[in-house]
Colleague: 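Can you read through this structure? Questions will come right after.
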Amino acid sequence: MGDKRMAAALMAAVLLLGAGCGQQQVQEEAPAGTAVEVVEVASGEMRAEYAVTGKVEAVNEVQVFPLLAGQVLTLSVKEGDKVASGQVLFTVDTSTVTSTLGALQQSYNSTKAATDGTIASAQVGVEQAQLGVEQAQQALDNTKALYEVGAAAAQDVTRAEQALTQAQGALTQAQTGVQQAQAQQAASLAQIQTSMDQITTQAALGTVKAPCAGTVTAVNVVRGGMASSAQAGVVIAENGKIQVAASVAEDVYTNLTEGDTADVLISVWSDEALECKVGALPAAADAQTSLYEIPVALPSDAAPPIGAFATVTFYTARRESALSVPTEAVLTGSGDERYVYIVDDTGSTAVRVTVETGLVSKTDTEIVSGLMEGDRVVVKGQSYLSDGALVRVVGEQAAAAADSADDGDAAADIAGLADADDAADGEG
């Protein structure tokens with residue numbers, strides 16, 4: 001038994017010694033220099049980008065205020081609904097306004113009935129007076145006929161003429177009485193009708209309608225709740241037109257022009273950015289933030305939710321042909337020096353090169369001077385380099401394969417040792 005344990009121990013020692021020799025051999029065979037990845041300096045179109053957070057809003061937002069405060073009886077719209085001009089949005093209880101309408105209507109009817117009786121009596125008097133005029137006229141005509149044949153005296157004609165004049169005066173007085181009664185009736189009824197019309201008009205304000213066609217963006221009332229004339233009950237985006245508003249600093253504002261292209265990403269609505277146009281620029285900055293609110297028009301077929309946040313990318317400059325490198329390749333030294341590392345023609349030495357940069361996009365930085373097209377710039381591993389350092393150029397796939405191979409060897413070594421231990425225990 002002791003011989004078997006001794007043999008197992010010797011076997012484990014041999015495996016450990018072999019593993020150590022294998023690691024030493026790998027270290028000796030590993031190429032010298034820092035592993036780096038490179039890209040060639042290329043020439044192409046370059047744009048400076050400035051990304052800010054914006055918000056979807058209506059181009060023209062119409063706030064609809066209820067002109068009559070009260071309890072909301074009906075509510076027929078919700079956020080996102082399309083509405084037509086004149087469509088009923090909600091209604092407000094008007095019972096407190098119309099509570100006196102019945103009494104006024106009763107007063108109107110009773111007043112009209114009473115004055116109609118007065119007018120009727122006055123008209124009877126007119127009819128009687130008219131009959132008296134006719135009779136007086138007939139008496140005068142008869143008296144004149146008798147006077148012409150000598151059967152009546154002149155004073156008889158005079159008396160008949162006076163009687164006709166008195167009858168005509170009575171008729172005029174009766175007619176005036178009718179006119180006065182009619183005028184008094186009209187005045188009384190008009191006063192009551194005015195009050196009724198005012199109540200009807202005010203009650204009509206309880207029906208709140210859309211002043212324009214568009215999309216409902218906010219509803220600030222609920223059925224059964226109270227509506228106030230001090231707060232907009234419903235907000236409508238007129239004609240459904242929406243845009244994105246984004247605030248920028250002065251240095252960006254001065255480089256923007258109406259009609260410029262801007263990319264808009266509304267992540268809650270779509271994973272793809274929209275190519276949009278910058279709208280009319282504001283004449284002045286916001287007094288509180290000192291920023292300029294830039295409107296960006298969305299395509300007509302775009303319908304993201306109003307109030308959603310958006311990422312707006314403005315392009316403030318453009319180069320048709322510019323040398324550029326990935327931004328991560330550019331390092332900063334003392335005194336704001338910008339520099340990169342390139343690999344020389346031998347492919348084994350890093351050279352530090354001071355550069356002058358220009359435009360900066362999302363991923364690349366323009367190189368104004370210091371590099372030439374085709375130079376191989378280090379984009380990974382540059383932070384570990386110094387001027388003249390030895391390097392070995394690898395690709396991402398090669399580096400990954402190397403790492404995987406190292407991990408596999410280590411795992412195999414550990415597995416071998418474990419098997420040896422198990423074998424020793426089994427023999428024991």
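These figures come from a predicted structure and were not determined experimentally. Side-chain atoms are counted along with the backbone in the values below, which use heavy atoms only and exclude waters and symmetry mates.
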Colleague: Under a 3.5 Å distance rule, please check whether Tyr253 uses its side chain to pair with a backbone N or O of Pro282 as donor and acceptor.
Modeller: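 Yes, the answer is positive, given that a donor and an acceptor are paired below the 3.5 Å cut-off.
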
Colleague: Would you compute the distance between atom CD1 of Ile367 and atom CG of Leu371 and round it to the nearest 0.5 angstrom?
Modeller: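 Going from the CD1 atom of Ile367 to the CG atom of Leu371 covers 5.5 Å.
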
Colleague: Restricting to salt bridge (charged side-chain N to carboxylate O under 4.0 Å, His left out), what partner residues turn up for Glu337, sequence neighbours left out?
Modeller: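 Only Arg352 meet the salt bridge (charged side-chain N to carboxylate O under 4.0 Å, His left out) criterion with Glu337.
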
Colleague: Give a yes or no on whether the backbone of Val88 and the side-chain of Ser76 come within a donor-acceptor separation of less than 3.5 Å.
Modeller: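 Flag set: sc Ser76 to bb Val88 pair under 3.5 Å.
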
Colleague: For the CD atom of Gln231 and the CE atom of Met226, what is their distance to the nearest 0.5 Å?
Modeller: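 Result: 12.5 Å between the selected atoms.
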
Colleague: Checking Glu238 against Asn60: is there a side-chain donor and acceptor pair closer than 3.5 Å?
Modeller: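 Yes.
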
Colleague: Minimum heavy-atom separation for Asp93 and Leu68, please, with both atom names.
Modeller: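 That closest heavy-atom pairing would be O-CD2, 4.5 Å.
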
Colleague: If you take all heavy atoms of Gln243 and Pro295, which pair is closest and at what distance?
Modeller: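 Between these two residues, the closest heavy atoms are OE1-CB, 3.5 Å.
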
Colleague: How long is the span from the CG atom in Leu101 to the CD atom in Gln198, to the nearest 0.5 Å?
Modeller: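 Output value for this atom pair is 12.0 Å.
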
Colleague: Backbone N or O of Thr363 within a donor-acceptor pair of the Thr327 side chain at under 3.5 Å?
Modeller: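 Judged by distance alone, yes, a pair lies under 3.5 Å.
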
Colleague: Does a donor on one side chain sit under 3.5 Å from an acceptor on the other, for Thr357 and Thr365?
Modeller: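 Note: Thr357 and Thr365 side chains miss the donor-acceptor criterion.
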
Colleague: Heavy atoms, side chains only, cut-off 4.5 Å: are Val83 and Leu89 in contact?
Modeller: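 Yes. Closest side-chain heavy atoms under 4.5 Å.
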
Colleague: Ignoring hydrogens and angles, tell me if any N or O in the side chain of Gln71 forms a donor-acceptor pair with the backbone of Gly224 under 3.5 Å.
Modeller: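 Answer holds: yes.
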
Colleague: Could you walk me through whether Phe90 and Val221 pass the side-chain contact (heavy atoms from CB on, under 4.5 Å) test, one step at a time?
Modeller: CA-CA 9 Å; Phe90 62 94; Val221 294; 4.3 Å; yes

Colleague: For residues Arg47 and Ser361, report the shortest heavy-atom separation together with the two atoms involved.
Modeller: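 Nearest pair, atom of Arg47 first, then Ser361: O-CB, 3.3 Å.
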
Colleague: Apply salt bridge (charged side-chain N to carboxylate O under 4.0 Å, His left out) to the pair Glu356 and Arg338, showing each step before the final yes or no.
Modeller: CA-CA 7 Å; Glu356 181 183 352; Arg338 300 289 189 271; over 6 Å; no

Colleague: Is Val72 close to Thr74 at the side-chain level, that is, under 4.5 Å between some pair of heavy atoms?
Modeller: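 Side-chain contact under 4.5 Å: no.
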
Colleague: Contact between Ile242 and Pro304 at the side-chain level, heavy atoms closer than 4.5 Å - yes or no?
Modeller: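 A side-chain contact exists here, since the closest heavy-atom pair is under 4.5 Å.
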
Colleague: Look at atom CD of Gln105 and say whether more than 12 heavy atoms of other residues, nucleotides or ligands are closer to it than 6.0 Å.
Modeller: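 Atom CD in Gln105 is crowded, with more than 12 foreign heavy atoms closer than 6.0 Å.
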
Colleague: Show the numbers, then the answer: is there a side-chain contact (heavy atoms from CB on, under 4.5 Å) between Gln185 and Thr118?
Modeller: CA-CA 9 Å; Gln185 180 193 56; Thr118 301; over 6 Å; no

Colleague: Give a yes or no on whether Glu250 atom CD has more than 12 heavy-atom contacts from other residues, nucleotides or ligands under 6.0 Å away.
Modeller: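 Incorrect, the count does not exceed 12.
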
Colleague: Quick check: do Leu75 and Val219 have side-chain heavy atoms less than 4.5 Å from each other?
Modeller: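 Yes, side chains in contact.
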
Colleague: Quick check against the 3.5 Å criterion: does Asn255 have a side-chain atom that pairs as donor or acceptor with the backbone of Val252?
Modeller: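 No; zero donor-acceptor contacts below 3.5 Å.
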
Colleague: For residues Ala203 and Val97, report the shortest heavy-atom separation together with the two atoms involved.
Modeller: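 Taking Ala203 first and Val97 second, the nearest heavy atoms are N-CG1, 4.2 Å.
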
Colleague: Counting only heavy atoms not in Gln106 (residues, nucleotides, ligands), do more than 12 fall under 6.0 Å from its CD?
Modeller: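 Atom CD in Gln106 is not crowded, with 12 or fewer foreign heavy atoms closer than 6.0 Å.
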
Colleague: Using a 6.0 Å cut-off, check whether atom CD of Gln191 has over 12 heavy atoms from anything other than its own residue.
Modeller: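 No, the 6.0 Å shell around CD holds no more than 12 heavy atoms from other groups.
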
Colleague: Ala48 and Leu359: which non-hydrogen atoms are nearest, and at how many Å?
Modeller: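 Scanning both residues, the minimum pair turns out to be CB-CD2, 3.7 Å.
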
Colleague: Counting C-beta onward and ignoring hydrogens, is there a side-chain heavy-atom pair between Asp263 and Val312 closer than 4.5 Å?
Modeller: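 Sidechains of Val312 and Asp263: no contact.
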
Colleague: Run the numbers on Val56 and Ile266 for side-chain contact (heavy atoms from CB on, under 4.5 Å), then give the verdict.
Modeller: CA-CA 9 Å; Val56 180; Ile266 308 170; 3.9 Å; yes

Colleague: Quick one, Val126 with Val124, criterion side-chain contact (heavy atoms from CB on, under 4.5 Å). Give me CA distance, side-chain angles, the key distance, then yes/no.
Modeller: CA-CA 5 Å; Val126 170; Val124 170; over 6 Å; no

Colleague: Inspect the surroundings of CZ in Phe309 and state if more than 12 heavy atoms from other residues, nucleotides or ligands are less than 6.0 Å away.
Modeller: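 Counting other residues, nucleotides and ligands, CZ of Phe309 stays at 12 neighbours or fewer.
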
Colleague: Give a yes-or-no answer on whether the side chains of Thr111 and Ser188 include a donor-acceptor pair shorter than 3.5 Å.
Modeller: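 No pair is found: no donor N or O on one side chain lies under 3.5 Å from an acceptor on the other.
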
Colleague: Determine the minimum heavy-atom distance between Thr261 and Lys277, stating which atoms define it.
Modeller: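 Closest heavy-atom pair between Thr261 and Lys277: OG1-NZ, 3.4 Å.
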
Colleague: State whether the side chain of Asp260 and the backbone N or O of Thr257 hold a donor-acceptor pair below 3.5 Å, judged by distance alone.
Modeller: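 Indeed, once roles are kept as given, a pair shorter than 3.5 Å links the two residues.
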
Colleague: Is any side-chain heavy atom of Arg392 less than 4.5 Å from a side-chain heavy atom of Thr34?
Modeller: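 Sidechains of Thr34 and Arg392: no contact.
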
Colleague: Would you check if Ile294 and Ser247 make a side-chain contact, meaning some heavy-atom pair closer than 4.5 Å?
Modeller: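 Ile294 vs Ser247: side chains apart.
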
Colleague: Sorted by first residue and then second, give each side-chain hydrogen bond (donor to acceptor under 3.5 Å, both in side chains) pair with at least one member in residues 200-220; sequence neighbours left out.
Modeller: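 The answer is Lys82-Thr215.
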
Colleague: Given Ser348, which of Asp345, Thr346, Asp344 fulfils the side-chain hydrogen bond (donor to acceptor under 3.5 Å, both in side chains) condition?
Modeller: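 By the side-chain hydrogen bond (donor to acceptor under 3.5 Å, both in side chains) criterion, Ser348 pairs with just one of Asp345, Thr346, Asp344: Thr346.
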
Colleague: So do Phe314 and Val248 actually touch side chain to side chain, heavy atoms under 4.5 Å?
Modeller: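 A side-chain contact under 4.5 Å exists here.
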
Colleague: Would you say CG of Asp251 has more than 12 non-hydrogen atoms from neighbouring residues, nucleotides or ligands within 6.0 angstrom?
Modeller: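 Atom CG in Asp251 is crowded, with more than 12 foreign heavy atoms closer than 6.0 Å.
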
Colleague: Is the shortest distance from a Lys or Arg side-chain nitrogen in Glu45 or Arg319 to a carboxylate oxygen in the other one below 4.0 Å?
Modeller: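 Salt bridge flag = no for Arg319 with Glu45.
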
Colleague: Measuring from atom CG of Leu323 to atom CG of Asp364, what distance do you get when rounded to the nearest 0.5 angstrom?
Modeller: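 So the gap between those two atoms works out to 11.5 Å.
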
Colleague: Establish, from distance only, whether the side-chain atoms of Tyr341 and Asp387 form a donor-acceptor pair under 3.5 Å.
Modeller: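 Result is no, nothing qualifies.
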
Colleague: Distance from Leu73 atom CG to Arg223 atom CZ, nearest 0.5 Å?
Modeller: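 Rounded to the nearest 0.5 Å, the CG-CZ separation comes to 8.0 Å.
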
Colleague: Could you give the distance from CD1 (Ile192) to NZ (Lys112), rounded to the nearest 0.5 Å?
Modeller: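 So the CD1 of Ile192 and the NZ of Lys112 are separated by 12.0 Å.
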
